[in-house]
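Basis for what follows: all heavy atoms, side chains included, without hydrogens, waters or symmetry-related copies. As the structure lists them, so they are numbered: ligands from 1, and atoms in each ligand from 1.
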Amino acid sequence: MKKIYVDLKSNSYSIFVGHSIFSLLPEILAQKKLNKNILVVVDANVEKLNRGKIKTLISAAADKHNVYLLKPGENSKSYTELNKIYSFLLDNNYGRDTLIIAVGGGVTGDLAGYSAATFMRGVQLVHIPTTLLAAVDSSIGGKTGINFEKKKNMIGSFYQPELVLIDTEFLETLPKDEMVSGAGEIVKYAYLSDSNFYSFILENISGIISGSNKQLEKAILNSVAIKAAVVSQDEKESGLRKILNLGHTFAHALETELNFKIKHGQAVTAGVIAALNLSNILNLLPGRHLNNLLQLPKKIVLPRKLTGLNNENLFRIMLHDKKNRNGKIKFVLLSEVGNLLLDVEADKKYVFKALDKMKKDITC
Ligand code: GLY
């Protein structure tokens with residue numbers, strides 16, 4: 001088992017990464033002296049596959065425990081579901097000495113995380129991500145929240161967990177589209193990193209998507225280490241952390257326009273393609289480098305429906321992006337691997353050009 005540290009003074013925590021380490025949970029919770037009144041918020045599909053295991057482990061760790069089943073899918077990141085969790089906690093007499101354990105993907109982590117952040121002004125939280133995307137990205141760094149009026153993550157807070165436990169065994173039962181989705185965030189980390197990690201991901205992306213253990217573990221460890229280092233320097237995204245949004249302004253618009261009927265990481269891959277193209281259109285990234293850098297996301301097969309989207313609609317959605325300032329869309333762009341450019345503004349015509357090029361570049 002490997003351990004990566006997120007260094008945030010009193011909010012610091014460890015990320016445990018390994019194969020079959022879920023069984024160590026009671027031991028780890030006891031070592032950390034976490035609260036023993038536990039509510040497990042778990043994705044219903046994950047619970048079905050791991051029913052016996054979750055119950056046995058939580059009962060070993062808890063004085064009191066309950067399991068709250070979450071319907072899989074983005075629609076669960078809603079006020080309705082949040083209210084149900086609050087009611088469940090109150091009906092079962094949970095107090096400030098509660099520990100909420102989120103077991104599932106990004107939706108579970110974001111919703112359970114926001115419940116923990118707000119119930120009785122905050123209770124303890126542990127993330128156990130079971131999708132590749134949650135393992136490499138959303139379970140780390142404390143972003144929690146729900147969608148509102150069809151806008152992604154509109155309500156939320158930064159709320160750090162007590163620990164994150166990434167058991168790669170969970171990934172073995174994931175459908176291929178979940179692995180493709182997680183690969184989208186790994187691709188993002190390849191651009192944030194250096195030429196070594198970029199080359200490794202370029203060479204091994206197919207193995208990572210098909211779950212090849214060694215390649216997958218290296219990709220996860222490196223991605224997690226990058227995220228931990230960035231978050232340690234800028235917890236609340238006032239500067240450096242913005243680099244983690246590479247491709248995300250485009251991605252959120254694509255997801256919203258498709259009514260969230262696309263996986264987040266697939267939208268991120270398309271968003272990264274658009275961001276690389278916009279970097280080139282604005283003369284920040286030379287053409288010969290663009291073609292090299294497009295090789296990686298072009299290895300990932302994306303849904304054809306992305307190619308038919310309306311640019312005006314996408315642009316209108318981008319105008320509501322939370323990262324905007326003074327009514328201007330702020331893009332994260334790139335001039336080379338590891339060199340990110342923050343808060344870049346672009347004329348509408350250039351954004352349209354980047355979207356058109358993205359639609360040509362993506363592999364369906
Ligand atoms: N997914 C971007 C971040 O956590 O900051």
Side-chain angles (χ1 to χ4, degrees), residues 4-8 11-13 15 74 77 102 104-114 116-117 125 127 129 131-147 151-161 163-164 166 178 181-193 219-220 222-256 260 262-272 274-275 297 318 321-325 330-334 340-343:
I4 294 167
Y5 195 60
V6 183
D7 189 357
L8 292 170
N11 288 337
S12 299
Y13 55 99
I15 302 161
E74 193 73 28
K77 254 173 81 171
V107 167
T108 309
D110 285 4
L111 174 69
Y114 191 56
L125 170 69
H127 282 299
T131 64
L132 181 57
L133 185 130
V136 295
D137 195 65
S138 61
S139 68
I140 302 151
K143 281 192 178 174
T144 72
I146 56 171
N147 301 332
K151 294 188 185 76
K152 206 170 152 75
N153 303 330
M154 262 304 136
I155 313 289
S157 70
F158 288 96
Y159 194 71
Q160 302 299 338
L163 63 95
V164 180
I166 301 173
E178 273 298 343
S181 179
E185 292 286 358
I186 292 174
V187 161
K188 175 191 83 179
Y189 286 111
Y191 293 109
L192 305 189
S193 173
I220 292 173
N222 278 269
S223 301
V224 168
I226 296 167
K227 179 138 192 188
V230 170
V231 170
S232 296
Q233 289 174 68
D234 178 20
E235 180 184 4
K236 303 255 168 92
E237 202 170 296
S238 47
L240 177 71
R241 185 168 178 166
K242 291 180 189 175
I243 65 172
L244 301 176
N245 295 322
L246 176 66
H248 280 61
T249 301
F250 287 107
H252 285 166
L254 297 168
E255 287 173 282
T256 308
F260 300 110
I262 180 175
K263 299 263 176 214
H264 176 64
Q266 292 177 319
V268 169
T269 304
V272 166
M318 284 188 238
D321 195 276
K322 334 188 251 324
K323 302 179 289 296
N324 295 351
R325 294 290 174 269
K330 302 284 183 182
F331 292 96
V332 180
L333 300 182
L334 164 151
L340 281 297
L341 308 159
L342 301 179
D343 297 327

Sidechain-backbone polar pair: N324 side chain, M318 backbone, donor-acceptor under 3.5 Å: yes

Can you list the residues that meet the salt bridge (Lys or Arg N to Asp or Glu O under 4.0 Å) rule with K152, with sequence neighbours excluded? E74, E255

So, the side chain of S12 versus the backbone of D7: is there a donor-acceptor pair under 3.5 Å, distance only? no

Under the rule for side-chain contact (heavy atoms from CB on, under 4.5 Å), what residues qualify as partners of T131, not counting sequence neighbours? L133, A134, L174, E178

Test side-chain hydrogen bond (donor to acceptor under 3.5 Å, both in side chains) applied to N245 - qualifying residues, sequence neighbours left out: E237

Take N153 and K143 through the test side-chain contact (heavy atoms from CB on, under 4.5 Å) and record every step on the way to the result. CA-CA 9 Å; N153 303 330; K143 281 192 178 174; over 6 Å; no

Close residues, ligand 1: non-hydrogen atom nearer than 4.0 Å: D137, K143, K227, E237, R241, L244, N245

